[in-house]
There are 2 protein chains.
Amino acid sequence: MNLKQLSQLLGLSQTTVSRALNGYPEVNEATRERVLQAVKETGYRPNKAAQRLATGKAGSIGLVMPTAPGHQSDVHFGEFLAGLGEEAVRHDFHFVIMPADPDDEVAALRRLAISGNVDALFVAYMRGHDPRLAMLKSLSMPYVVHGRSFGSEPDYPYLDIDNEGAFYDATRLLLQLGHTRFALMNGPMHLDFAIRRKNGVISALAERGLTLEEGCMSHALMTDEQGLLAMEHFLQLPERPTAILCSSTVLALGAIRAVNQAGLRLGEDISLIAHDDVLPLLKPESFSVPLTTTRSSLRAAGVRIAQRLIGTVKQAGPFPDQELWKTELIVRASTGPAPRP
Amino acid sequence: MNLKQLSQLLGLSQTTVSRALNGYPEVNEATRERVLQAVKETGYRPNKAAQRLATGKAGSIGLVMPTAPGHQSDVHFGEFLAGLGEEAVRHDFHFVIMPADPDDEVAALRRLAISGNVDALFVAYMRGHDPRLAMLKSLSMPYVVHGRSFGSEPDYPYLDIDNEGAFYDATRLLLQLGHTRFALMNGPMHLDFAIRRKNGVISALAERGLTLEEGCMSHALMTDEQGLLAMEHFLQLPERPTAILCSSTVLALGAIRAVNQAGLRLGEDISLIAHDDVLPLLKPESFSVPLTTTRSSLRAAGVRIAQRLIGTVKQAGPFPDQELWKTELIVRASTGPAPRP
DNA sequence: TACATAATTGAAAGCGCTTTGGATGTCGCT
DNA sequence: AGCGACATCCAAAGCGCTTTCAATTATGTA
């Protein structure tokens, strides 16, 4: 069933039917009713590809999903997607997901944009000096970046959380508890959030004249295994750190396993603060020792970004170009006073 | 840059350029080279919407993502998507993801199909007597179902794992270890895999004249919290079960927390076998007591389904219509002989 | 040399929709 | 009766691509 057939069925022109469906005012209410009724009966749905071709809009937002045979799927990605989806479903938008090798992201993004299949782009996993920004700017297609790109002029639309502030505050808390030996368990070094979190830690330490030793920093994929390995390494250090900052509850999962295996007590021998993206699978309050965290919901960020993206496509009012969300510092049992030497 | 401009630039007709790009034989090799060269220089990419409109194909597979404000994102979904993506990227396919309220899945699937935006459909979260099957059959669009639908004639293309066999085998192992009091921690009752797994347990027990009490069965969302709750319930039973079968390592996570909190020892007081979808986040061998599991990689299933779907769209050879994968039973430390009463 | 055949290329139709630029009919007023 | 202002509706152009059908040129054969 297509427009032509439907309009013939109704004895109307395609023009009128199209207008009736798209809410144009210049169509008699009675005819509009008839059309809507016929649509219900026939189950007619406009062909999106044709709509897109005719209007240039198709109600879809595009994103690149990094993937490769060895590439681990990322819980954070799924959670974010759920947020995007939650908002998209309200506006009858859908996603076009282009899977791409992580090394090929710039090109993949470009293909996606030029394909004429999407109205707007969403970009995540931002890096320092991210090469995708220049490309995006040249594209004349709306986009929103999740995160920022350290070292690039912040003149692009983004939504980010205050990573530096979060880790600064967390570090201060641990300092107040008397800790002096710190370690940072971070995400991959090239990622923007990792850079900023590190800076937050360093600047809080600097205020007390402390520094973060090279050996007390790990940069790795945010999996529980990496957390385990990193923590094992920290625990073997001659000057064992007592305060651990951790970029994800996933990392914390492994880290805590290492702490337990070493016979140490979390919140007493070792204090740990992790960043909590509010993953449904990993609730900090459900850990055997509930985790002190800096919290910001990844899913909420997804919802918000979808709002901005869809709003822009639909030309629904202006949106702030840049948003920086504060995180919450939630104190639970994994932090305690520094142990006496 | 579109075809028309490109062809004018080259002094050729759109026809010839189009043919050159799509590998038709009736075009001079020299001209083809020229065209390809121009494409490289100009960065021309065909408009997918137009291609789709003209050919009816657009290199995309569609799927519905269940989502809603309260709806938890599902790790399993993300992992599966990674598998689909891994294969799709090899064929320059992409996904069209339509987010939809879980209650609205049939309609959403229908919309997606008629939208003319996708070449094939993928369907998951199968239920008993799933209403989507009839709809899919009426659609004349290729599709593959992940899982099966208990109670429906199995005359549709699917890829499933042998859930019944897996849980039958797991139960037998526990029986051989001397266990007599069983409990099953299952996924939502309406889902097909839950039905089959339950049947597997029941039939293995029946061979020994045992039954599964109503109170020894839980059907819930597969989150760690639900696992915790279910296990707490089991542990309070007057005839406490000693053998637990668990539909997911996520559930097991919570269940084990409950076991620990009750001061019981896993693998001694309580034996537990979980089904392992090979989630990168939750490795059974990394649990403090490594988990005995029935294993089948969700991601591998994603890859295979993408293969079949894309292969069918590309008319690349016939594929088996129905595949049933065996699971592996991997014995680790969470199972042991039944404790003496 | 003349003619069939193969190798290349193009013009134009069409995919299903939106939208511009009329056309037609109605109504209220002078 | 005559005229502008609305309210409705429609024909046809176009979005960017593929593909059928036909035209043109090059090649080989008798």
Side-chain angles (χ1 to χ4, degrees), chain A residues 1-36 38-39 42-60 92 111 113-119 141 313-315, chain B residues 1-36 38-39 42-60 92 111 113-119 141 313-315:
Chain A
M1 171 67 61
N2 59 22
L3 226 211
K4 191 169 180 184
Q5 296 169 334
L6 182 66
S7 59
Q8 282 169 350
L9 191 100
L10 283 161
L12 289 169
S13 75
Q14 297 189 37
T15 312
T16 305
V17 177
S18 171
R19 283 192 177 127
L21 290 173
N22 294 313
Y24 279 62
E26 63 263 61
V27 43
N28 191 312
E29 266 317 309
T31 22
R32 189 191 304 276
E33 280 309 316
R34 269 181 63 215
V35 171
L36 257 29
V39 166
T42 58
Y44 164 80
R45 285 275 145 188
N47 179 310
K48 289 271 183 191
Q51 252 174 350
R52 159 119 213 133
L53 194 55
T55 59
K57 308 250 153 273
S60 68
D92 197 26
R111 282 203 302 278
I114 325 190
S115 80
N117 243 328
V118 300
D119 301 325
M141 170 176 290
V313 170
K314 288 192 169 180
Q315 321 236 39
Chain B
M1 171 67 60
N2 58 24
L3 227 210
K4 191 169 178 183
Q5 297 169 333
L6 181 65
S7 59
Q8 280 169 352
L9 191 101
L10 284 160
L12 289 169
S13 73
Q14 297 189 39
T15 313
T16 305
V17 177
S18 171
R19 281 190 181 125
L21 290 174
N22 295 311
Y24 280 63
E26 64 263 57
V27 43
N28 191 312
E29 267 316 310
T31 29
R32 189 192 303 277
E33 280 309 317
R34 269 182 62 219
V35 170
L36 259 28
V39 165
T42 60
Y44 164 81
R45 286 274 145 187
N47 179 310
K48 287 271 182 192
Q51 254 175 345
R52 157 115 216 139
L53 194 54
T55 59
K57 308 246 156 277
S60 68
D92 196 27
R111 282 203 303 278
I114 326 190
S115 79
N117 243 328
V118 299
D119 301 325
M141 170 176 289
V313 170
K314 288 191 168 178
Q315 321 237 40

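Since this is a predicted model, take the numbers as computed values, not measurements.
When all heavy atoms of A:Gly43 and B:Ile114 are compared, the pair lying nearest together is O-CD1, 4.1 Å. Closest heavy-atom contact between B:Leu21 and B:Tyr44: CD1-CE2, 3.7 Å.
From B:Gln5, atom CD reaches atom OG1 of B:Thr42 across 9.5 Å, with rounding to the nearest 0.5 Å. Note that the CG atom of A:Asn117 and the CG atom of B:Asn117 stand 7.0 Å from one another [nearest 0.5 Å]. Expressed to the nearest 0.5 Å, how far CG of A:Leu3 lies from CD of A:Gln8 amounts to 10.5 Å.
Between A:Ser18 and C:dT18, a side-chain N or O to OP1/OP2 separation shorter than 4.0 Å is present. Here B:Thr16 does not reach the OP1 or OP2 of C:dT9: none of its side-chain N or O atoms lies under 4.0 Å away.
For the pair B:Lys4 NZ and C:dG10 P, the interatomic distance rounds to 15 Å; values are reported in whole Å. In this structure, B:Leu10 atom CG and C:dT8 atom C1' are separated by 16 Å, rounded to whole Å.
The overall bend of the helix from C:dT1-D:dA30 to C:dT30-D:dA1, read as the angle between its terminal helix axes built from five base pairs each, is 60° when rounded to 10 degrees.
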Throw together a table of side-chain donor-acceptor distances under 3.5 angstrom for residues 48-58 of chain A, partners on residues two or more places apart or in other chains.
| residue | atom | partner | partner atom | Å |
| --- | --- | --- | --- | --- |
| A:Arg52 | NE | A:Gly116 | O | 2.3 |
| A:Arg52 | NH1 | A:Gly56 | O | 3.3 |
| A:Arg52 | NH1 | A:Asp119 | OD1 | 2.5 |
| A:Arg52 | NH2 | A:Gly56 | O | 3.2 |
| A:Arg52 | NH2 | A:Gly116 | O | 3.4 |
| A:Arg52 | NH2 | A:Val118 | O | 3.3 |
| A:Thr55 | OG1 | A:Gln51 | O | 2.7 |
| A:Thr55 | OG1 | A:Lys57 | N | 2.9 |
| A:Thr55 | OG1 | A:Lys57 | O | 2.9 |

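Applying the salt bridge (charged side-chain N to carboxylate O under 4.0 Å, His left out) test to residues at least two apart or on different chains, the pairs with a partner in residues 2-22 of chain A are A:Arg19-A:Glu26.
Residues passing the side-chain contact (heavy atoms from CB on, under 4.5 Å) test with B:Glu29, sequence neighbours excluded: B:Arg32, B:Glu33. Applying the side-chain contact (heavy atoms from CB on, under 4.5 Å) rule to A:Leu10 yields the partners A:Leu6, A:Leu12, A:Val17, A:Arg34, A:Val35, A:Ala38; only residues at least two apart in sequence or on another chain are considered. With sequence neighbours excluded, the residues forming a side-chain hydrogen bond (donor to acceptor under 3.5 Å, both in side chains) with A:Thr16 are A:Ser13, listed by chain and number.
Protein chain A touches strand DNA chain D; the 5'-most and 3'-most nucleotides with an atom under 4.0 angstrom of its non-hydrogen atoms are D:dT8 to D:dG16.
Within residues 45-56 of chain A, the residues approached by DNA chain D to less than 4.0 Å at the level of any non-hydrogen atom are A:Leu53, A:Ala54, in residue-number order. Within residues 21-31 of chain B, the residues that have a heavy atom under 4.0 Å from DNA chain C are, in order of number, B:Glu26, B:Val27, B:Asn28, B:Thr31.
With B:Asn22 contributing its side chain and B:Tyr24 its backbone, the two residues share no donor-acceptor pair below 3.5 Å.
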